[in-house]
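Note sheet for the following structure.
Computed from heavy atoms alone, side chains included, the values below leave out hydrogens, waters and symmetry copies. So you know, we letter chains A, B, ... as the sequences are listed, proteins then strands, and number each from 1. What you see is a predicted model; the values in this text were computed from it and never measured.
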There are 2 protein chains.
Amino acid sequence: MSLSNAILGFLSYQPMSGYDLKKVFDESIQHFWSTTQSHIYKELDGLEERGLVASRAIEQEGKPNRKEFSLTAEGRTALLEWLAAPLPLERIREGWLIQIFFAHHLSNEQIVNLLRARRAALAQKLAELEQVDGIIQQRKAGHSAEQVRTAAMWQATLSYGHAHYQAELNWLDGMIQRAETLPE
Amino acid sequence: MSLSNAILGFLSYQPMSGYDLKKVFDESIQHFWSTTQSHIYKELDGLEERGLVASRAIEQEGKPNRKEFSLTAEGRTALLEWLAAPLPLERIREGWLIQIFFAHHLSNEQIVNLLRARRAALAQKLAELEQVDGIIQQRKAGHSAEQVRTAAMWQATLSYGHAHYQAELNWLDGMIQRAETLPE
DNA sequence: CTGTCCATGTAAGGCGTTACATGATTGT
DNA sequence: ACAATCATGTAACGCCTTACATGGACAG
């Protein structure tokens with residue numbers, strides 16, 4: 001559901017091939033939604049069957065032919081409907097909390113190692129996020145209402161990631177202290 | 001991977017049937033990991049094939065027979081190994097951020113509605129978390145090192161959820177303000 | 001001459017959910 | 001009378017990932 005709507009969203013800007021879509025995914029929403037080429041191709045098939053997108057073949061010289069997809073009127077309607085209706089909350093699903101839940105089987109030192117390793121990985125993700133911020137600044141050039149709105153929403157997804165990583169970092173710092181003084 | 005290790009984790013306390021496992025899942029880790037009975041049964045089959053758990057049939061009167069699973073020595077080793085090794089970070093995967101990313105297609109009012117709806121849902125989840133806290137207090141009775149450690153880790157998963165919900169709530173409050181004054 | 005870009009896909013499998021089937025016992 | 005609890009599973013499907021296949025153009 002999310003993937004197909006993301007595809008509709010990108011096609012609302014301009015017609016694109018599956019290959020193009022993979023690139024824009026990686027450039028703009030990869031920090032909160034990743035996907036694979038094969039999945040995109042499959043999903044495009046489904047979308048076409050449902051009449052939400054239409055394709056046309058484009059012959060090219062020196063390069064493989066392209067299959068370009070564009071939004072149909074129904075596709076645009078479906079996108080707008082999906083955008084406007086609040087989604088049900090997905091519950092937290094963090095495999096690594098299972099580790100924490102049963103971590104009392106480990107030594108305090110092992111627990112602290114676990115937490116520190118995660119802290120380091122998280123700090124690196126945060127740094128990567130800053131780079132996405134750079135990309136947004138580059139693209140932001142325009143001043144039309146539409147461009148300001150688009151940039152604001154992009155930035156919102158970034159600050160969401162920022163807030164979450166930062167919250168977890170703080171939690172980890174507190175946990176590391178507590179784990180050090182647990183009765184063995 | 002996570003589910004099978006969660007099962008091993010619970011079996012490290014005592015032998016249990018698939019039915020029992022579903023209950024302890026719902027009582028203790030449902031706030032960050034949900035699952036279904038059918039999935040548990042399937043996973044138990046796999047675990048038994050791999051020699052990490054062993055089953056025995058127990059006949060009962062007036063009730064359906066049980067199939068009780070217990071950890072084997074290999075199972076215990078596998079659990080301890082899995083617990084001690086840091087897991088790779090799973091990337092953020094929030095379908096609803098796709099909504100936000102393309103929300104510039106909506107009116108400011110619609111965007112604010114979206115944010116407020118999520119805010120309400122989130123506040124309710126937070127309240128539910130507080131209830132889990134009550135359950136922990138009940139169980140905490142003992143004072144042995146083992147009991148203190150177990151309770152501390154349980155509580156840690158709770159405060160993790162708390163931190164995340166609270167961070168998102170704060171983010172939402174900021175976003176609602178910004179969305180109200182976006183150029184249309 | 002090695003690797004990356006362009007471009008489209010197939011096949012297989014893992015993880016997870018929903019719906020369904022069965023049937024006795026106990027509580028309201 | 002009706003629903004919940006106890007207890008185990010099967011079948012079908014959805015979402016997603018990994019690995020694989022193909023092949024020309026172009027840059028180092």
Side-chain angles (χ1 to χ4, degrees), chain A residues 1-8 15-27 29-30 32-50 53 55-69 82 87-96 98, chain B residues 1-8 15-27 29-30 32-50 53 55-69 82 87-96 98:
Chain A
M1 202 81 287
S2 296
L3 176 57
S4 56
N5 282 291
I7 291 175
L8 295 180
M16 280 189 245
S17 67
Y19 190 84
D20 295 337
L21 281 164
K22 170 61 175 161
K23 278 201 300 186
V24 294
F25 265 78
D26 288 346
E27 272 168 27
I29 65 173
Q30 141 270 32
F32 65 86
W33 190 269
S34 66
T35 189
T36 56
Q37 263 176 351
S38 38
H39 200 181
I40 290 174
Y41 285 118
K42 223 196 290 179
E43 204 66 34
L44 280 168
D45 283 348
L47 251 15
E48 190 166 23
E49 260 176 48
R50 285 156 57 202
V53 303
S55 69
R56 72 185 178 107
I58 299 180
E59 311 230 334
Q60 295 191 126
E61 284 165 30
K63 290 179 186 177
N65 296 337
R66 297 161 54 77
K67 198 169 157 190
E68 211 175 67
F69 292 86
W82 180 80
L87 293 172
L89 265 197
E90 300 158 39
R91 52 177 66 247
I92 302 184
R93 192 175 191 80
E94 299 264 11
W96 97 281
I98 296 175
Chain B
M1 201 82 286
S2 296
L3 175 58
S4 56
N5 282 292
I7 292 175
L8 295 181
M16 280 189 244
S17 68
Y19 189 85
D20 295 337
L21 279 165
K22 170 62 174 160
K23 279 201 300 184
V24 293
F25 265 79
D26 288 346
E27 272 168 27
I29 65 174
Q30 141 270 33
F32 65 87
W33 190 270
S34 65
T35 190
T36 55
Q37 262 177 351
S38 38
H39 201 182
I40 290 174
Y41 284 119
K42 222 197 294 178
E43 204 65 34
L44 280 169
D45 282 348
L47 250 16
E48 189 165 24
E49 260 176 47
R50 286 156 58 204
V53 302
S55 68
R56 70 184 179 109
I58 300 180
E59 313 231 332
Q60 295 190 127
E61 283 165 33
K63 293 180 185 178
N65 296 337
R66 297 161 53 78
K67 199 169 155 190
E68 210 175 66
F69 291 86
W82 180 80
L87 292 173
L89 265 197
E90 298 157 41
R91 52 177 67 248
I92 303 184
R93 192 173 193 81
E94 298 264 11
W96 98 280
I98 296 176

List every contact pair, protein side and nucleotides 16-18 of chain D side both N or O, where the distance is under 3.5 Å.
| unit_1 | atom_1 | unit_2 | atom_2 | d |
| --- | --- | --- | --- | --- |
| dC16(D) | N4 | K42(A) | NZ | 3.0 |
| dT18(D) | O4 | S38(A) | OG | 3.0 |

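The CD1 atom of I58(B) sits 14 Å away from the C1' atom of dC6(D) (whole-angstrom rounding). Look at CG on L21(B): it is 12 Å from P on dA7(D), rounded to the nearest Å. Atoms CZ (R56(B)) and P (dA7(D)) sit 13 Å apart, rounded to a whole Å. Rounded to whole Å, the distance from CG on D20(B) to P on dA7(D) is 7 Å. Summarising the geometry, the separation between CZ on R50(A) and P on dG14(D) is reported as 11 Å, rounded to the nearest angstrom. Following rounding to the nearest Å, E90(A) (CD) and dG14(D) (C1') show an atom-to-atom distance of 15 Å.
If you find the closest nucleotide of DNA chain D to F69(B) and to K23(B), the one lying nearer the 5' end belongs to K23(B).
Annotation: ring pair (Phe, Tyr, Trp, His ring centres under 6.0 Å) contacts of Y41(A) (sequence neighbours excluded): none. In this structure, the side chain to side chain contact (heavy atoms under 4.5 Å, CB included) partners of S2(A), at least two apart in sequence or on a different chain, are W33(A), I98(B). Qualifying side chain to side chain donor-acceptor pair (under 3.5 Å) partners for R93(B), counting only residues two or more places apart in sequence or in other chains: S34(A). With sequence neighbours excluded, no residue satisfies side chain to side chain donor-acceptor pair (under 3.5 Å) with T36(A). The side chain to side chain contact (heavy atoms under 4.5 Å, CB included) test applied to P15(B) returns E68(B), S70(B), not counting sequence neighbours. The salt bridge (Lys or Arg N to Asp or Glu O under 4.0 Å) test applied to K67(B) returns no partner, not counting sequence neighbours.
Proximity of L89(A) to W96(B): side-chain heavy atoms (C-beta onward) are nowhere separated by under 4.5 Å. The shortest distance between side-chain heavy atoms of I40(B) and F25(B) falls below 4.5 Å.
Legend: side chain to side chain donor-acceptor pair (under 3.5 Å) pairs involving residues 15-27 of chain A, not counting sequence neighbours, sorted by first then second residue: S17(A)-D20(A), D20(A)-R66(A), K22(A)-D26(A), E27(A)-R139(A).
Atom CD of E59(A) has 12 or fewer neighbouring heavy atoms from other residues, nucleotides or ligands inside a 6.0 Å radius.
Protein chain B touches strand DNA chain C; the 5'-most and 3'-most nucleotides with an atom under 4.0 angstrom of its non-hydrogen atoms are dC15(C) to dT25(C).
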Only pairs under 3.5 Å count here: list side-chain donor-acceptor contacts from residues 43-50 of chain B, not counting sequence neighbours, and write none if there are none.
| unit_1 | atom_1 | unit_2 | atom_2 | d |
| --- | --- | --- | --- | --- |
| E48(B) | OE2 | S55(B) | N | 3.4 |
| E48(B) | OE2 | S55(B) | OG | 2.7 |

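Helix-axis bend for the helix from dC1(C)-dG28(D) to dT28(C)-dA1(D): the local axis fitted to the five terminal pairs at one end deviates from that at the other end by 40°, rounded to 10°.
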